[in-house]
Enquirer: 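Encoded as structure tokens, here's the structure I'll be asking about.
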Amino acid sequence: MMKKIAILGSTGSIGTQTLEVVRRNPDLTVTALAAGSNVDHLETQIREFHPSLAAVWTEEKAKELKRRTRDLPVKIVTGMEGLLEVAQQLESEILVTAIVGMIGIRPTIAGMKAGKDIALANKETLVTAGHIIMPLAKEYGVRILPVDSEHSAIFQCLNGEDRGQLHKILLTASGGPFRGKKKEELREVRPEDALKHPNWSMGRKITIDSATLVNKGLEMMEARWLFGVEPDHIQIVVQPKSIVHSMVEFMDGAVIAQLGTPDMKLPIQYALYYPERRPLVGERLDFSRMTEIIFERPDPETFQGLRLAFDAAAGGGSLPTVYNAANERAVAWFLDHKIGFLDIPELIGRCMEAHKVIDHPSVEEILATEAETYERMEHMFLRDYGEK
Ligand code: NDP
Ligand code: MG
């Protein structure tokens, strides 16, 4: 049987790896693709995968794409309307959310309401709107299939188990390029240094998040919603080589782990075929050559962004949105050499302190909180960083 998938963010790191999985599995077909502005790449993808629908963000880009794909039977759409159309497209069965940012929330909801299973990569959706997304999935009888490697690992460890007997989640982290460093040593770090991830090749934003451990903070909040576990039952464990992708501990003390080489195609493929497994070409773990697997505790002093994530989760409501939005803006500034590495958690903390929490925020309130945080960030920047 053919499986029909639509991809939001097809030109990105997760998007292109999803298409690699499609390329190797003849029973997967692509019905719709959406990208931001990379028309070149999207055109190539349309020619190879023949979706009937494609979205780009601006009218201008859409015109260009239309001109380039005149010879093909593909409909081109734009803006949020376009993303929603891709998400709800009649033909598709699975929606892969590989778009970056809170812009993913509304299309994900639209996809669920249209009965699509969600292969979820977009972290921001659960971090900021988990309290809306999880009940909605239940209401519409659709599955949220995690693509993030840690969450896929946890999902695999829980397969066939009674979730009520889960005691805690052991969420593994590589520790990023600055593992073992003291805070002071990170003051002068440049984007080029932070972009060197030891194990994974990912988009730029998430690579910086791995260096600050904010990524692990976002993943903790994501795990909390996906698996219905309170944050104080989620322990972050540093495992530098990213071989153990995460673990679960049951009430009897048994710990189950999922191991593998660091390759996102495995969790992507697992989400697309769940509960089936398929062969996957690629490097395998070789236990005759592996001598040890090391575990460490994350250093809370150096990586303040991780501690702030637990504060955001404890505060709840709209606070995770502030954490996420402040981080997003701070990372963009850091990549532009406008602020330092340690300013990232500093700014997140200040935005969280200044925010008045809204309990159970609606999607509108979440998006308003995002906008409010960006505005607050601009003020702080002009006041405190403008001269630098
Ligand atoms: P990338 O930056 O590599 O890709 C982002 C994708 O989103 C691109 O296709 C981009 O299009 C598209 N996009 C951006 N803005 C818009 C828009 N307005 N409308 C439509 N499409 C848009 O990100 P990643 O693939 O690294 O990450 C995607 C998500 O998955 C993030 O939420 C991330 O946290 C999560 N994730 C990523 C992992 C990884 O290994 N990379 C692992 C686990 C989770 P364009 O190219 O045209 O700009
Ligand atoms: Mg991850």
Side-chain angles (χ1 to χ4, degrees), residues 120-121 123 126-127 130 134 144-180 197-200 202 206 209-264 266-267 270-271 274 285 287 290-314 320 323:
L120 185 118
K123 289 181 199 207
L126 280 187
V127 169
M134 296 315 289
I144 309 279
L145 303 156
V147 164
D148 207 341
S149 60
E150 293 79 1
H151 305 80
S152 176
I154 297 161
F155 190 58
Q156 292 176 59
C157 293
L158 289 173
N159 220 347
E161 298 282 352
D162 178 352
R163 293 216 180 161
Q165 296 175 347
L166 175 63
H167 173 58
K168 73 178 182 190
I169 286 176
L170 298 147
L171 187 68
T172 53
S174 70
F178 306 133
R179 182 177 62 91
H197 196 278
N199 309 325
W200 298 96
M202 308 177 286
I206 184 176
D209 290 350
S210 300
T212 56
L213 293 203
V214 165
N215 183 49
K216 218 39 63 177
L218 294 171
E219 290 184 355
M220 175 273 291
M221 293 192 256
E222 205 184 352
R224 158 201 204 175
W225 292 114
L226 270 173
F227 306 110
V229 171
E230 288 304 317
D232 58 345
H233 284 249
I234 303 177
Q235 183 183 339
I236 312 297
V237 181
V238 175
Q239 197 277 294
K241 293 271 182 251
S242 304
I243 287 167
V244 177
H245 295 312
S246 275
M247 307 178 271
V248 298
E249 182 184 320
F250 290 99
M251 57 205 278
D252 60 358
V255 174
I256 309 227
Q258 188 252 324
L259 283 65
T261 52
D263 179 355
M264 286 307 295
L266 171 70
Y270 189 76
Y274 177 81
L285 287 183
F287 285 87
M290 207 187 312
T291 50
E292 58 181 6
I293 296 179
I294 301 169
F295 297 104
E296 291 169 5
R297 282 160 54 127
D299 172 359
E301 253 317 295
T302 306
F303 301 103
Q304 300 271 344
L306 185 57
R307 182 183 53 80
L308 288 167
F310 279 91
D311 292 349
Y323 176 87

Enquirer: Is the closest side-chain heavy-atom distance between Phe250 and Leu158 below 4.5 Å?
Expert: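 They are in contact (side-chain heavy atoms under 4.5 Å apart), so the answer is yes.
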Enquirer: Can you tell me how far the CD1 atom of Ile294 sits from the CD1 atom of Ile243, to the nearest 0.5 Å?
Expert: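 So the CD1 of Ile294 and the CD1 of Ile243 are separated by 10.0 Å.
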Enquirer: Which atoms form the tightest heavy-atom contact between His167 and His233, and what is the distance?
Expert: O-ND1, 2.8 Å
Enquirer: Is the backbone N or O of Phe310 less than 3.5 Å from a side-chain atom of Tyr323, with the two atoms forming a donor-acceptor pair by type?
Expert: no
Enquirer: For Val127 and Pro320, which heavy atoms make the closest approach, and how far apart are they?
Expert: O-CB, 3.4 Å
Enquirer: What pair of heavy atoms forms the shortest contact from Ser149 to Pro267, and how long is it?
Expert: CA-CG, 4.0 Å
Enquirer: Using atom types as modelled and distance alone, determine if a side-chain donor or acceptor of Arg179 lies under 3.5 Å from a backbone N or O of Pro240.
Expert: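 Such a contact is absent between Arg179 side chain and Pro240 backbone.
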Enquirer: Do you know the tightest heavy-atom contact between Asn159 and Tyr270?
Expert: ND2-OH, 2.8 Å
Enquirer: Less than 4.5 Å apart, side chain to side chain, heavy atoms only: is that true for Ile206 and Lys123?
Expert: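 Ile206 reaches Lys123 side chain to side chain.
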Enquirer: To the nearest 0.5 Å, what is the distance between OG on Ser210 and CG on Leu218?
Expert: 10.0 Å
Enquirer: Closer than 3.5 angstrom, by distance alone: can the side chain of Glu222 be matched with the main-chain N or O of Leu226 as a donor-acceptor pair?
Expert: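 Answer holds: no.
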Enquirer: Would you please classify the geometry between the Phe227 ring and the His151 ring as parallel, tilted or perpendicular, with 30° and 60° separating the classes?
Expert: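 Ring orientation of His151 relative to Phe227: parallel.
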Enquirer: Take Val229 and Lys168 through the side chain to side chain contact (heavy atoms under 4.5 Å, CB included) test and state the conclusion after the steps.
Expert: CA-CA 7 Å; Val229 171; Lys168 73 178 182 190; 5.9 Å; no
Enquirer: To the nearest 0.5 Å, what is the distance between CD1 on Ile256 and CD on Gln156?
Expert: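 Between atom CD1 of Ile256 and atom CD of Gln156 there are 12.0 Å.
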Enquirer: Can you check whether Val147's main-chain N or O pairs, donor with acceptor, with Ser152's side chain at less than 3.5 Å?
Expert: no
Enquirer: Would you say Met264 and Met202 make side-chain contact, with heavy atoms under 4.5 Å?
Expert: no
Enquirer: Assess the residue pair Leu166 and Glu161 against the criterion (side chain to side chain contact (heavy atoms under 4.5 Å, CB included)); give the C-alpha distance rounded to whole Å, side-chain angles, the decisive distance to 0.1 Å, and a yes or no.
Expert: CA-CA 8 Å; Leu166 175 63; Glu161 298 282 352; over 6 Å; no
Enquirer: Side chains of Ser174 and Trp200: do they bring a donor and an acceptor to under 3.5 Å?
Expert: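 There is no such pair (donor and acceptor under 3.5 Å, judged by atom type) between the side chains of Ser174 and Trp200.
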Enquirer: Work out which heavy atom in Ile236 is nearest to a heavy atom in Pro298; give both atom names and the distance.
Expert: O-CD, 3.4 Å
Enquirer: When you compare the side chain of Phe295 with that of Val244, does any pair of heavy atoms fall below 4.5 Å?
Expert: yes
Enquirer: Flag the pair Leu285 / Met290 as yes when at least one side-chain heavy-atom distance between them is below 4.5 Å, and no otherwise.
Expert: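 They are in contact (side-chain heavy atoms under 4.5 Å apart), so the answer is yes.
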Enquirer: Would you say the side chain of Met247 lies within less than 4.5 Å of the side chain of Thr172, judging by non-hydrogen atoms?
Expert: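 SC-SC contact between Thr172 and Met247 confirmed.
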Enquirer: Once you measure the plane-to-plane angle for Phe155 and Tyr274, does it fall in the parallel (<30°), tilted (30-60°) or perpendicular (>60°) bin?
Expert: tilted
Enquirer: Taking the side chain as every heavy atom from C-beta outward, state whether Ile169 and Arg224 have any atom pair closer than 4.5 Å.
Expert: no
Enquirer: Give the minimum heavy-atom separation between Met220 and Pro231, together with the two atoms involved.
Expert: SD-CB, 4.0 Å
Enquirer: Only one of Leu259, Asp148, Ile154 clears side-chain contact (heavy atoms from CB on, under 4.5 Å) with Ser246; which?
Expert: Ile154
Enquirer: Roughly how far apart are Thr261 OG1 and His245 NE2, rounded to 0.5 Å?
Expert: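 One finds 6.5 Å between OG1 of Thr261 and NE2 of His245.
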Enquirer: Could you give the distance from OG1 (Thr302) to CZ (Arg307), rounded to the nearest 0.5 Å?
Expert: 12.0 Å
